[in-house]
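This report refers to the structure that appears directly beneath it.
Numbers here simply count residues along the sequence, with the first being 1. Since the model is a prediction, treat every value here as computed from it, not as a measurement.
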Amino acid sequence: MADFRDCLIFDSNSLDGYLLELDGERHPARFVIMPSGKCWKLRGIPPNTDDKMRVRQALPEEWAGFGR
């Protein structure tokens, strides 16, 4: 796993326990990059363990393929 200020890069697709080991809610990372089959995925990190359906920072809307 690589640890950058805004992003964590995992070599497996399991996040179990990693964020807690890295100082949990106080860690500054906003995104996680991890393998997903033969590809890679980028995910937002929840603000805390109780609010897993939100993210600390949303990805840009234009990345979702919605044109304006």
Side-chain angles (χ1 to χ4, degrees):
M1 175 192 61
D3 183 1
F4 299 94
R5 178 165 173 75
D6 293 335
C7 182
L8 299 172
I9 302 175
F10 290 90
D11 55 1
S12 71
N13 63 358
S14 176
L15 296 176
D16 297 338
Y18 282 116
L19 200 55
L20 295 176
E21 292 174 19
L22 297 170
D23 206 16
E25 294 175 14
R26 293 189 305 248
H27 193 282
R30 297 176 289 168
F31 304 104
V32 174
I33 297 173
M34 66 181 75
S36 177
K38 295 182 180 182
C39 300
W40 289 80
K41 63 182 172 182
L42 174 67
R43 290 182 47 188
I45 296 176
N48 57 58
T49 55
D50 295 326
D51 202 1
K52 295 180 180 180
M53 296 305 291
R54 294 183 52 222
V55 292
R56 295 177 181 183
Q57 179 177 342
L59 296 172
E61 187 175 325
E62 52 272 5
W63 289 12
F66 298 110
R68 288 190 175 211

Could you tell me which non-hydrogen atom of Trp40 sits nearest to which non-hydrogen atom of Phe10, and how far apart they are? CZ3-O, 3.4 Å

Rounded distance (nearest 0.5 Å) linking atom CD1 of Ile45 with atom SG of Cys7: 7.5 Å

Taking all atoms of both residues into account, what is the closest heavy-atom pair of Pro28 and Arg56, and its distance? C-NH1, 4.2 Å

Closest heavy-atom pair, Asp11 versus Pro35, reported as atoms and distance to 0.1 Å, is O-CG, 3.6 Å

hydrophobic_cluster_shared for Phe31 and Val55, side chain cutoff 4.5 Å: no

Looking only at non-hydrogen atoms, find the nearest pair between Asp51 and Pro46 and report the distance. O-CB, 3.6 Å

Same cluster or not: are Ile9 and Leu59 linked, directly or through other Ile, Leu, Val, Met, Phe, Trp or Tyr residues, by side-chain heavy atoms under 4.5 angstrom apart? yes

